[in-house]
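Quick caveat, the model's predicted, so the values are computed rather than measured.
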Amino acid sequence: MTYSYGDTAYDYGTTRIVGGIGAAEAEWPWLVSIQHPWVPGLGHWCGGSLITADWVLTAAHCFDKFDNISLLYVLIGATQISQPGPGAQVRSVKKVVVHSDYRRSDYSYDIALMQLDRPVLCSSYVQLACLANPTLRVSELRNCWIAGWGATTARSLDSADRLQQAKVQLIDVQLCNSSDWYAGEVHPYNLCAGYPQGNIDSCKGDSGGPLMCQEKNSDYWWVIGITSWGKGCARARRPGIYLSIQYFYDWILLYMNLSPDGSSSPSSRACSHFFITSHPWSHYIPTPQSSQKPWVRPTLSPKPTPVRTLGKVNCCPFPFKILMEFFTQVKELLQQTFGQNTS
């Protein structure tokens, strides 16, 4: 599918930040760059979100042109592609799962999963995204952002070297589907984000990256969408179209061999090292078991302990079992110290 923008035509299969700003170091620690050696320049092809230590969520159309996935590689924990820095990790791709109903003709079911060849290690530069599950009230979220290494102007074919980010507004899908907008081309499981007047949008090379919103009255962030398609970049009444993760939550669990209660196969696990060294209790806390789901909905009370990063705070709750073990250890310590029962 080819769209034209002015005098420039490009294949929108790999497109989808215009009007954004450079991101700070480790600002979005779950965002990854999917790269291919045949891509000119920096090699960046698509974005993605790290959702477990060895699985990345992205768009199905990112794989339209590549039959040999062994050539793909994933850059994790970097802000600048040309100078990834000490926090960056690189992984090859073991497996790609594309939704069976995906159609390039209309970008329906534009979702895919990539399994990395080996798990990453969590750090202040590498963290897991928290995915919007079906119970999350997206309408109550605020402060939505997009980020990626895609083109910074609609006429450009080159990826950005430094990660770009931009604040966007969620736009009602019914409005997006109106006659002078997208005229019915937006699917029920899509999200619209941008501005009616244009100017700020995802663009070429941002495909597969996350649409992220902040939880109201907290510092926790949710990935609610996957950058999918649009007509041109930053045009009026042509905002970016994103796949709503809530609609595909069970599909994601199924193909990562995760059950709804969070149990998993050995291949699907949280980061090999749970990064919480900034917390004063860190020396009491054991590494969580591999079966713990890293991105479940946080409970409202008590407030979950966030994983601290250099940038945004992800919403993954601190495991209740580990918290209870910590309090048990504190209780035993107090009993030994004061020689009395403590409740």
Side-chain angles (χ1 to χ4, degrees), residues 1-2 10-16 28-100 102-105 107 109-121 125-126 128-129 147-151 156-164 202-210 226-229 243 252 255-257 267-269 272:
M1 185 179 293
T2 301
Y10 53 83
D11 180 359
Y12 212 76
T14 61
T15 56
R16 283 292 340 137
W28 308 103
W30 46 84
L31 189 60
V32 309
S33 169
I34 301 171
Q35 304 187 357
H36 195 285
W38 295 352
V39 178
L42 298 167
H44 172 80
W45 183 249
C46 274
S49 298
L50 185 71
I51 57 176
T52 72
D54 56 352
W55 284 97
V56 169
L57 184 65
T58 187
H61 76 255
C62 289
F63 307 100
D64 284 343
K65 294 186 175 182
F66 299 125
D67 296 327
N68 187 0
I69 65 168
S70 65
L71 295 176
L72 292 171
Y73 53 100
V74 181
L75 178 63
I76 309 124
T79 301
Q80 189 169 349
I81 293 178
S82 64
Q83 299 179 17
Q89 301 173 46
V90 177
R91 295 292 186 270
S92 298
V93 178
K94 178 181 179 180
K95 180 170 63 176
V96 171
V97 180
V98 174
H99 198 287
S100 59
Y102 164 66
R103 293 196 307 268
R104 180 174 176 175
S105 58
Y107 294 96
Y109 298 91
D110 189 15
I111 184 172
L113 287 162
M114 298 175 56
Q115 187 175 22
L116 307 179
D117 63 333
R118 67 187 191 279
V120 301
L121 304 179
Y125 298 90
V126 177
L128 306 180
W149 289 272
S156 173
L157 297 178
D158 297 326
S159 297
D161 184 17
R162 187 171 188 85
L163 181 65
Q164 300 292 299
S202 48
C203 199
K204 176 184 180 294
D206 293 321
S207 290
I226 301 170
T227 307
S228 182
W229 63 278
L243 195 83
I252 295 168
Y255 284 95
M256 291 195 310
N257 296 319
S267 63
S268 300
R269 51 191 174 272
S272 299

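Of all heavy-atom pairs spanning I34 and G47, the tightest one is CD1-O, 3.5 Å. Across G148 and L31, no two heavy atoms sit closer than the pair N-CD2, 4.1 Å. The two atoms that bring W55 and T52 nearest to each other are N-OG1, 3.2 Å, heavy atoms only. Nearest heavy atoms, Q35 versus L75: NE2-CD2, 3.6 Å. Across L128 and A53, no two heavy atoms sit closer than the pair CD2-N, 4.0 Å. Of all heavy-atom pairs between A160 and L42, the closest is O-CD1, 3.8 Å.
Expressed to the nearest 0.5 Å, how far CD1 of I111 lies from CD1 of I252 amounts to 4.0 Å. Here the CG atom belonging to D161 is positioned 10.5 Å from the OG1 atom belonging to T79, to the nearest 0.5 angstrom. One distance of note links OH of Y102 with CG of L243; it measures 11.5 Å at 0.5 Å rounding. Within the model, atoms CE of M114 and OG of S49 stand 12.0 Å from one another, a figure rounded to the nearest 0.5 Å. Atom CG in D64 sits 9.0 Å away from atom SG in C46 (nearest 0.5 Å). From L72, atom CG reaches atom CZ of F63 across 6.5 Å, with rounding to the nearest 0.5 Å.
The side-chain heavy atoms of H61 and R104, taken from C-beta on, include no pair separated by under 4.5 Å. A 4.5 Å side-chain heavy-atom check between Y125 and Q89 finds every atom pair outside the cut-off. No side-chain heavy atom of Y255 sits under 4.5 Å from any side-chain heavy atom of Q115. Residues R118 and D54 fail the side-chain proximity criterion, which asks for heavy atoms closer than 4.5 Å. In this structure, V120 and V74 have side chains that are not in contact, with every pair of non-hydrogen atoms separated by 4.5 Å or more. Taking 4.5 Å as the limit, every side-chain heavy atom of V32 sits out of range of all side-chain heavy atoms of R91. Within the 4.5 Å cutoff, the side chain of L113 has heavy atoms near those of the L57 side chain. Looking at heavy atoms from C-beta onward, L163 lies in side-chain contact with W28 at the 4.5 angstrom threshold.
In this structure, W229 and Y107 have parallel ring planes: the angle between them is below the 30° cut-off, well short of the 60° mark.
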Handout entry: Verdict with supporting geometry, I81 and S159, side-chain contact (heavy atoms from CB on, under 4.5 Å)
Key = CA-CA 10 Å; I81 293 178; S159 297; 5.5 Å; no
Practice task
Could you please spell out the steps behind the side-chain contact (heavy atoms from CB on, under 4.5 Å) verdict for V56 and I76?
Solution key: CA-CA 10 Å; V56 169; I76 309 124; 5.8 Å; no
Problem - Stepwise side-chain contact (heavy atoms from CB on, under 4.5 Å) test for V126 and L121 - result: CA-CA 7 Å; V126 177; L121 304 179; over 6 Å; no
Problem - Verdict with reasoning, T58 to V96, per side-chain contact (heavy atoms from CB on, under 4.5 Å) - result: CA-CA 10 Å; T58 187; V96 171; over 6 Å; no
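A donor-acceptor contact shorter than 3.5 Å links the side chain of Q164 to the backbone of R162. Judged by distance alone, with hydrogens and angles left aside, the side-chain atoms of W45 form no donor-acceptor pair with the main-chain N or O of V39 at under 3.5 Å.
Side-chain N/O atoms of S228 and D110 include a donor and acceptor closer than 3.5 Å.
Within 6.0 Å of OH in Y109 there are 12 or fewer heavy atoms belonging to other residues, nucleotides or ligands.
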